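Following: one structure in structure tokens, then a few remarks.
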Amino acid sequence: MSDTQDRPTDEPDTDQQLDGEYDPETVEPNWQQQWVEDETYAYDVDADTRYSIDTPPPTVSGNLHMGHLYQFTLQDFVARYRRMKEGTVYFPFGYDDNGIASERLTERELGINHSDYERREFQEKCRDVCQDYEDAFTKDIQSLAISVDWDNTYKTIEPRVQRTSQLSFLDLYEQGREYQQRAPTIWCPDCETAISQVEQEDLNKHTKFNDIAFDIVETGDGSDGDQFTISTTRPELLPACVSVFVHPDDDENQHLVGGTARVPLFGQEVPIIEDDRVDLETGSGLVMCCTFGDQTDIEWYQAHDLDLRIAIDESGTMTDVADEYEGLTTHEAREAIIEDLDDAGYLLESRDHEHTVQVHERCDEEVEYLVTEQWYVKLLDKKDEYLEAGREMDWFPDKMFTRYEHWIEGLEWDWCISRQRDSGIPFPVWYCDDCGEIIFADRDELPVDPLSDDPPVDACPECGHSEFVPEEDVFDTWATSSLTPLINAGWDWDDGEFTYDNPELYPSNLRPQGHDIISFWLFHTVIKCYEHTDEVPFEHVMINGMVLDENREAMSKSKGNVIAPSEVLENFPVDAARYWAAGTSIGDDFPYRKGDLEAGERLLQKLWNASRLVDQLTPQAGTVEEVPETELAEIDRWLLAELDETVDLVTERFENYEFSKARTELRDFFWSTFCDDYLEIAKQRLDSGPNPSTEFTLVRAHRTFLKLFAPLLPHITEELWTRVYGEEASVHTSDWPTAGGYEADLQAGETAMAVISALRGYKSDNGLALNAPLSNVKIFGHVGEFAEPVAEAMHVDEIEATEDEPEITTEISGVDLDYSLVGPEFGNEVGDIDAAIEAGEFEVDGDSLLVGGEYELGADMFEIERTRIYSGEGQMIETEHAVVIVQE
RNA sequence: GGGUUUGUGGUCUAGUUCGGUUAUGACACCUCCUUGACAUGGAGGAGGCCGGCAGUUCAAAUCUGCCCAAACCCA
């Protein structure tokens with residue numbers, strides 16, 4: 001590392017030149033601290049224009065990973081661009097710390113179980129554990145230069161958010177969008193709570209497929225019968241068996257339908273019924289129905305009005321229905337029952353089997369289906385409306401809308417929002433102990449906890465009874481996190497109506513999030529906000545992909561391929577990591593790539609060195625005077641005109657969240673046009689004394705580059721902005737650049753740059769130093785006023801440029817056809833034309849081309865390809881639009 | 001099992017909406033060059049016929065169909 005970097009950053013000195021190498025190790029942490037101290041990213045309520053981002057609040061469940069780094073960096077590109085473009089940005093930060101994830105973290109961290117504590121006590125422990133993680137997380141986010149406004153943060157467990165969440169519950173109930181029902185529910189026996197459809201996922205498990213004999217009590221048609229076989233993976237459900245099903249096409253077992261069977265060991269007699277939902281391919285073709293083993297059991301239970309036999313309780317323990325097995329866990333009961341079946345001669349076979357089971361995504365425990373009383377939000381009756389709501393938002397990339405669409409189309413359950421957990425936001429609800437009437441909290445009193453607060457009435461309005469039972473359940477965590485746009489806008493209830501602290505923040509401009517939670521966070525947010533406000537919560541939705549390892553595989557602890565951000569940042573500057581993150585196509589999964597980090601590091605070095613040169617060439621950089629366009633030298637105007645195009649292009653890229661293209665196009669223009677070409681020219685022009693036109697151009701271009709790079713590379717641009725120009729205000733709060741309306745002969749410029757490039761190649765090929773003089777160069781082509789700059793940059797003594805044809809002999813070597821014109825005109829004769837040209841059977845006749853004596857092609861359809869032969873002094877080089885003759 | 005998305009040189013990627021001449025760029029690789037901002041630089045080179053097959057067309061990476069592979073979502 002350089003030892004010349006001990007300059008204090010708080011004393012900008014415009015006269016002091018940049019020197020040495022860029023030292024991100026000290027520069028980056030300095031600025032991160034400075035930005036937080038200066039509140040550089042504070043939201044300005046009074047600004048005329050603004051942009052708001054509904055930041056995803058991470059669940060507090062562990063440490064920062066690459067996904068966080070990637071996702072928050074993408075959001076930060078938008079935030080920084082918009083802050084410069086619009087003036088101010090609302091970029092808050094939240095922690096989602098009220099759900100099962102943080103409960104399980106607390107249990108893990110402290111080695112405790114929630115059921116051993118009072119709810120209050122356990123909640124306190126959760127808060128403490130979460131607080132530590134949140135503090136560490138905040139530091140991490142700051143060290144990534146995420147430009148969050150740290151004055152606007154929230155936690156989903158804090159009282160203000162609890163109030164919002166309970167308010168939402170009451171409003172949806174009043175609108176008739178919620179109901180309470182006792183029904184089969186998806187249940188996690190490990191977490192001991194109801195869960196919703198989205199929280200379950202598939203898992204392949206090894207298990208045993210058991211063939212069990214059932215005694216026939218009587219057959220359906222009175223024929224003889226002794227036993228039949230049922231294949232099941234879940235023998236512990238035998239006590240809950242309420243019927244046996246036969247498929248209508250199952251000829252072999254048709255005689256059983258209408259009969260009765262006896263369940264082994266438990267003895268209950270159950271009906272044998274016909275139903276086409278039986279899977280003929282699996283097992284014996286006969287299936288037992290238990291209340292409940294899976295969703296089909298629920299359907300059968302409802303369709304055939306079967307008995308209810310509940311053999312498993314909330315904790316996955318066998319009930320008294322299981323007779324002697326009562327008190328065993330389901331796993332223990334399974335073992336015991338198989339053994340006893342075997343002893344009794346009812347177990348015919350037990351074989352290995354692999355199948356897919358539904359598990360709770362948080363703990364991988366197999367779900368059960370229990371009949372319990374739960375609260376639901378209605379979804380199924382408004383699918384079409386919610387689809388339409390999704391269409392009202394702009395999706396980036398738009399293909400991600402399909403996921404939202406399919407999720408809604410596939411919905412089969414209303415949303416169960418009650419959870420039997422400790423850490424969460426309570427339902428603001430009590431029940432009359434006598435008649436069961438539901439008593440809701442007053443909106444003005446929220447937040448309430450029915451476990452410690454009294455209901456708002458002394459007597460039941462229905463029956464007059466004065467004893468009440470509190471609702472003990474808490475909300476599903478998504479019931480609260482689906483309100484983030486409203487939390488950000490300060491949605492509240494005051495004086496009999498809904499209000500906003502910051503009405504300008506709703507709807508939000510942008511919802512950024514991963515594609516994995518479209519069906520969780522995005523869907524639930526859209527429907528809840530839509531029901532509360534009658535409008536969709538977002539203008540744009542930006543969906544990011546997942547971070548993969550270098551072999552394009554998902555990072556996971558079990559694969560051991562997880563890369564920690566801290567590991568990356570030990571070896572690379574944050575700006576380099578951001579350069580990598582900008583390499584994505586939005587929505588696609590994105591591999592970690594060391595090469596990109598290295599390329600980012602090189603760009604930082606290039607930017608630093610180019611800035612050093614600009615700084616050296618323009619001693620008065622901070623105070624350079626604007627030169628009117630009419631007084632600018634042609635070459636300077638050309639650079640500024642090219643820059644205009646890049647400004648427009650990069651702006652459009654940011655508007656469309658095309659960070660990868662913004663990065664590539666900006667880098668290319670900066671590196672090849674500005675550094676390779678223009679700086680070389682400027683260097684020579686300023687060599688011969690002061691030149692206001694070039695100095696102004698250098699400064700204008702350089703300042704523009706710093707701004708364009710600022711969203712992607714916030715540290716180095718800030719450092720240069722301050723040091724080169726002595727600016728006191730941050731580059732990140734400066735205005736986004738706009739095109740200056742410069743006009744120049746871009747075609748001539750392009751040709752001239754190609755000539756420079758060709759001369760550079762000539763010198764390289766001929767073993768000459770780049771600064772070696774060339775005595776004479778002739779350019780045949782349109783380079784306008786740029787011959788002189790070319791001569792300066794390439795150290796040419798004498799240069800001549802002419803648009804005349806070069807004084808060389810040519811030989812026709814072929815014909816290039818414009819197939820977009822020739823094709824439609826000649827159709828399937830194109831093959832003949834090609835063949836004739838190939839055979840040399842063509843001649844030029846004035847403006848047209850005669851081919852094979854048969855076809856006549858117009859002037860716009862072809863171009864004659866010539867080989868140039870030069871035998872004069874010097875050497876000929878060809879570029880696309882010019883021929884150059886060089887003499888050393 | 002169904003659906004969605006993706007499949008371009010060793011790696012990553014542009015181009016695919018509205019088919020059209022030599023398929024873009026970066027990283028890695030090879031050769032040459034100490035040039036006074038930068039060797040984390042510059043010049044040059046090799047490497048792909050666009051997952052596979054079939055079709056439409058004068059013309060297909062680009063359109064259609066089928067197949068294969070991967071990821072995700074849902075059964």
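Here is how names work: the chains are called A, B, and so on, in the same order as the sequence lines, proteins then strands, and each is numbered from 1. Note that the coordinates shown come from a computational prediction; the quantities given were computed from them, not determined experimentally.
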Next item on the list: Indicate whether OP1 or OP2 belonging to B:rG41 is found under 4.0 Å from a side-chain N or O atom of A:R602.
Entry: yes
Checklist line | Rounded C1' spacing from B:rA46 to B:rU56 in Å | finding: 37 Å
Notebook entry, point to check: Looking at A:K683, does any N or O in its side chain come under 4.0 Å of the phosphate oxygens OP1/OP2 on B:rA37?
Noted result: yes
Check: Name the stems with RNA chain B in them: runs of three or more consecutive Watson-Crick or G-U pairs, distances under 3.5 Å?
Finding: B:1-7 with B:68-74, B:10-12 with B:25-27, B:29-33 with B:41-45, B:51-55 with B:63-67
Item checked: Integer angstrom distance from the C1' of B:rA39 to that of B:rA61 -> 38 Å
Next item on the list: Please identify each residue that fulfils salt bridge (Lys or Arg N to Asp or Glu O under 4.0 Å) with A:E829, with sequence neighbours left out.
Entry: none
Pairs under 3.5 Å (N/O, protein and nucleotides 3-7 of chain B):
unit_1, atom_1, unit_2, atom_2, d
B:rG3, O2', A:H406, NE2, 3.0

Margin query: If the condition is side-chain contact (heavy atoms from CB on, under 4.5 Å), which residues does A:T584 pass it with, not counting sequence neighbours?
Written below: A:Y70, A:L74, A:F590
Could you list, one pair per line, each protein nitrogen or oxygen that sits under 3.5 Å from a nitrogen or oxygen of nucleotides 15-18 of chain B, together with the distance?
unit_1, atom_1, unit_2, atom_2, d
B:rG15, OP1, A:K661, NZ, 2.6

Notebook entry, point to check: Can you name the salt bridge (Lys or Arg N to Asp or Glu O under 4.0 Å) partners of A:E642, sequence neighbours left out?
Noted result: none
Next item on the list: Kindly write out the residues that satisfy salt bridge (Lys or Arg N to Asp or Glu O under 4.0 Å) with A:R703, not counting sequence neighbours, or none if the list is empty.
Entry: A:E727
Check: For A:Y762, what residues pass the side-chain hydrogen bond (donor to acceptor under 3.5 Å, both in side chains) criterion, not counting sequence neighbours?
Finding: A:E888
Note to self: So, using salt bridge (Lys or Arg N to Asp or Glu O under 4.0 Å) as the criterion, who are the partners of A:E665 when residues are at least two apart?
What the structure shows: A:R653
Item checked: Rounded distance in Å between the P positions of B:rA54 and B:rG10 -> 23 Å
Notebook entry, point to check: Under 4.5 Å between any side-chain heavy atoms of A:R511 and A:M542, yes or no?
Noted result: no
Checklist line | With sequence neighbours excluded, residues passing side-chain contact (heavy atoms from CB on, under 4.5 Å) with A:A610 | finding: A:F670, A:C675, A:L679
Margin query: Does a side-chain N or O of A:W671 approach OP1 or OP2 of B:rG42 to a distance below 4.0 Å, or not?
Written below: yes
Margin query: Using the side-chain contact (heavy atoms from CB on, under 4.5 Å) criterion, which residues pair with A:D275? Sequence neighbours excluded.
Written below: A:F245, A:R277, A:W300, A:H304
Notebook entry, point to check: Going by the salt bridge (Lys or Arg N to Asp or Glu O under 4.0 Å) test, which pairs reach into residues 513-525 of chain A, not counting sequence neighbours?
Noted result: none
